[in-house]
Asks: 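Have a look at the structure that comes next, please.
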Amino acid sequence: MAYTIPRGTYDIIPPDSAKWQLLKERFQALAKSFGYNEITTPIFEQSDLFERSSGESSDVVQKEMYRFTDKKGRVFALRPEGTAPVVRAFVEHNLAALGNQKLYYWGPMFRYDRPQAGRYRQFYQYGLEFIGSNNPYWDAELISFLWLFIQGLGLTKMHLEINSVGCPNCSGTYEQALRDFFQPHLEQLCPDCQKRFVTKPRRLLDCKVPSCKVIAAGAPSQLEYLDEACKEHFEAVQAYLKQMEIPFVINPKIVRGLDYYSNTAFEIIYDGLGAQNSMAGGGRYNGLIEQIGGKACPAIGFAGGIERLLLALENEGIVLGSEAVPDLYIVAMGEDARTFILPEINKLRQAGIAVEFDPDKASFKAQLKAANHCKARFAAIIGEDELKTRTVALKDLVTGEQKLVPLKDLPDHCKGL
RNA sequence: GUGGGUGUAGUUCAAUGGCAGAGCACCGGAUUGUGGUUCCGGGCGUUGUGGGUUCGACUCCCAUCACCCACCCCA
């Protein structure tokens, strides 16, 4: 093999490409019904944008970004996530002037990670961003979109977890409380946790090492440290979700990986995906817009992994989409018939009928065989006799029935399938 | 970045260190206008790649690459 695909990437080829197509259609249709419009941003941005927004200390920035320098020495990065670029565009185009923004996106993201089940270096995310209001209603509406989208695909083995990570005001006091709690146990923690203690104390809560788990079991919960406003907000979100009949559980251990999150955090967990069991996640980011240089503006969003969606669909045996299947296969015998039928084929296609014709198949038998093989519903047989009378023998390949129809009536016979 | 597993035909898998095979899929045919079923025929594949051991390597050893699984991280 002369060339191989880069590690951690993959080609989307038929028949899988049909699944992708359908998934995107479903996503777009539902997004539209929620009043969201598409935004597409470049797949690379100034590296700074991500460093600033995701947090210098985050793994994404520290070791997973595809950074490169252009010919003028500017440092760019392939986008590792979709929110920062949307916010950049929001600020750059002053979309705040147009009122609340409901935006959706769909596209590739890049992270230099060790490939694993459900984890790739170029992976695809779909996501929604609501910018402009801090009303907890929007938190609930956005979450309900995500739930309806996933549920609407027929998936059942997932559940929704929500949490509040507080605002800059109460989040800091909580982290201090966590440090105070873990301080006496520092030496008993695993090496990873000792690092977490310094960089991201919240991560101490979901370490998988048994001895760490025992210690973490007694740790204080974020929920006890929420200030009044955050507490109220979180309760309102729950009330809305209940009203919308979206099932959820509260998991105070949910941590968002990127620094910009505040208040509401949520995640859809799927049983049966292996270690990468998070299908989608998101939260509020009320401080991000100001941080990036815009006028302070509240916002909430989520992102989901398409690969993980596909894995889940496969796990539950759900088949979506199908490859192109012709309505009509042309079986033409003899040069005259073949020449004659060519303009008719395109007329049929313009009328919305999928027509297949293969001049490489010479014999009658080969053509019918091909018609059967490509799962065409009908075969239109045209030979010397039919040519004279301007008719075709229309054969139903499922029932085997065949009848002679005038050529001009062919479109009508093929419709209503 | 760390650890474990696996690499043979398009695909799923065989082959004590001794001639690289089978099912499925694919293509063709069974007397020139009727498909699916059946029957017959069609495979030299750098055994992932590069070294090494050996009379001889798909098989053993080393390296490398890729994939899978887990840690980590996250969607």
Side-chain angles (χ1 to χ4, degrees), chain A residues 1-2 4-10 13 54 57-65 80-83 105-127 146 150 190-193 195-196 199-200 203 206-209 254-258 266-270 273-283 301-312 329 331-334 337 360-387 392-402:
Chain A
M1 198 84 70
T4 55
I5 196 166
R7 178 162 203 203
T9 68
Y10 54 92
I13 56 178
S54 297
S57 69
S58 69
D59 278 30
V60 168
V61 168
Q62 288 236 313
K63 43 188 198 189
E64 295 173 5
M65 277 224 287
E81 58 100 25
T83 298
Y105 61 86
W106 171 289
M109 306 294 162
F110 306 82
R111 287 182 203 175
Y112 189 91
D113 226 356
R114 187 97 170 245
Q116 196 184 322
R119 189 165 83 184
Y120 301 89
R121 288 182 175 179
Q122 174 172 344
F123 59 104
Y124 291 74
Q125 284 190 337
Y126 57 93
L146 178 58
I150 290 173
C190 71
D192 280 335
C193 277
K195 281 180 214 154
R196 289 173 182 131
T199 58
K200 220 163 247 190
R203 286 263 174 238
D206 58 0
C207 181
K208 288 171 188 171
V209 176
I254 290 187
V255 182
R256 303 275 74 217
L258 309 174
F266 57 93
E267 215 163 312
I268 302 259
I269 307 292
Y270 190 83
L273 278 189
Q276 311 298 324
N277 62 356
S278 173
M279 297 185 81
F302 80 82
I306 294 158
E307 294 83 359
R308 293 180 188 179
L309 211 47
L310 289 165
L311 283 174
Y329 195 98
V331 178
M333 293 304 296
D360 284 331
K361 301 276 185 290
S363 74
F364 189 87
K365 180 174 275 192
Q367 292 183 66
L368 258 185
K369 210 169 187 172
N372 188 63
H373 187 254
C374 68
K375 300 191 173 85
R377 180 63 209 279
F378 289 103
I381 301 164
I382 179 157
E384 284 177 24
D385 297 343
E386 290 87 354
L387 195 53
V392 295
L394 188 65
K395 184 183 177 90
D396 186 320
L397 290 169
V398 176
T399 64
E401 284 169 28
Q402 185 171 330

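Values in this document were obtained by computation on a predicted structure and should not be read as measured data. The chains referred to below are lettered A, B, ... by the order of the sequence lines, with proteins before strands, and numbering in each begins at 1.
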Asks: Regarding A:Gly8, tell me which of base, sugar-phosphate or nothing describes its non-hydrogen contacts under 4.0 Å with the strands shown.
Replies: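 Sugar-phosphate, no base atom in range.
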Asks: When all nucleic acid strands are considered with a 4.0 Å heavy-atom cut-off, which category describes A:Gly282: base, sugar-phosphate, or nothing?
Replies: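 Answer is nothing: A:Gly282 stays at 4.0 Å or more from every strand.
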Asks: Paired with B:A22 by Watson-Crick or G-U wobble geometry, both distances under 3.5 Å: which nucleotide is it?
Replies: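 B:U12 is the nucleotide pairing with B:A22.
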Asks: Mind checking A:Ile5 for me? I need base, sugar-phosphate or nothing, with any heavy atom below 4.0 Å counting as a touch.
Replies: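 Nothing, no nucleic acid heavy atom in range.
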Asks: Does the side chain of A:Gln116 get closer than 4.0 angstrom to OP1 or OP2 of B:C69 through an N or O atom?
Replies: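 No, no such contact exists.
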Asks: For A:Gly127, which contact category applies under a 4.0 Å heavy-atom criterion: base, sugar-phosphate, or nothing?
Replies: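 Since no nucleic acid heavy atom lies under 4.0 Å of A:Gly127, the category is nothing.
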Asks: How far, in whole Å, is B:U46 from B:G33 if one measures between their C1' atoms?
Replies: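 Their C1' atoms lie roughly 47 Å apart.
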Asks: Report yes if a side-chain nitrogen or oxygen of A:Lys395 is closer than 4.0 Å to either non-bridging phosphate oxygen (OP1 or OP2) of B:G35; otherwise report no.
Replies: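 So the side-chain polar atoms of A:Lys395 never come under 4.0 Å of the phosphate oxygens OP1 or OP2 of B:G35.
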Asks: Look at the side chain of A:His373 and decide which nucleotide, out of B:A75, B:C26, B:U34, has an atom nearest to it.
Replies: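 The closest nucleotide is B:C26.
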Asks: Under the 3.5 Å rule, do the base of B:C73 and the side chain of A:Arg119 count as making a donor-acceptor pair?
Replies: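 Check passes, donor-acceptor contact within cut-off.
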Asks: Classify the nucleic acid contact of A:Ala371 as base, sugar-phosphate or nothing, counting any heavy atom under 4.0 Å across all strands shown.
Replies: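 If one applies the 4.0 Å heavy-atom cut-off, A:Ala371 turns out to touch nothing in the nucleic acid.
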Asks: Looking at every strand, decide which applies to A:Met333 at a 4.0 Å heavy-atom threshold: base, sugar-phosphate, or nothing.
Replies: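 Counting heavy atoms under 4.0 Å across all strands, no contact is made by A:Met333.
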Asks: Using a 4.0 Å heavy-atom cut-off across all strands, classify A:Glu384 as base, sugar-phosphate, or nothing.
Replies: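 Since a base atom lies under 4.0 Å of A:Glu384, the category is base.
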Asks: Count the heavy atoms of every other residue, nucleotide or ligand shown that sit under 6.0 Å from CD of A:Gln402, and state whether that count exceeds 12.
Replies: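 Yes - once you tally the heavy atoms of other residues, nucleotides and ligands closer than 6.0 Å, there are more than 12.
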Asks: How far does the C1' atom of B:C62 sit from the matching atom of B:U53, given to the nearest Å?
Replies: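 Rounded to whole Å, the distance is 11 Å.
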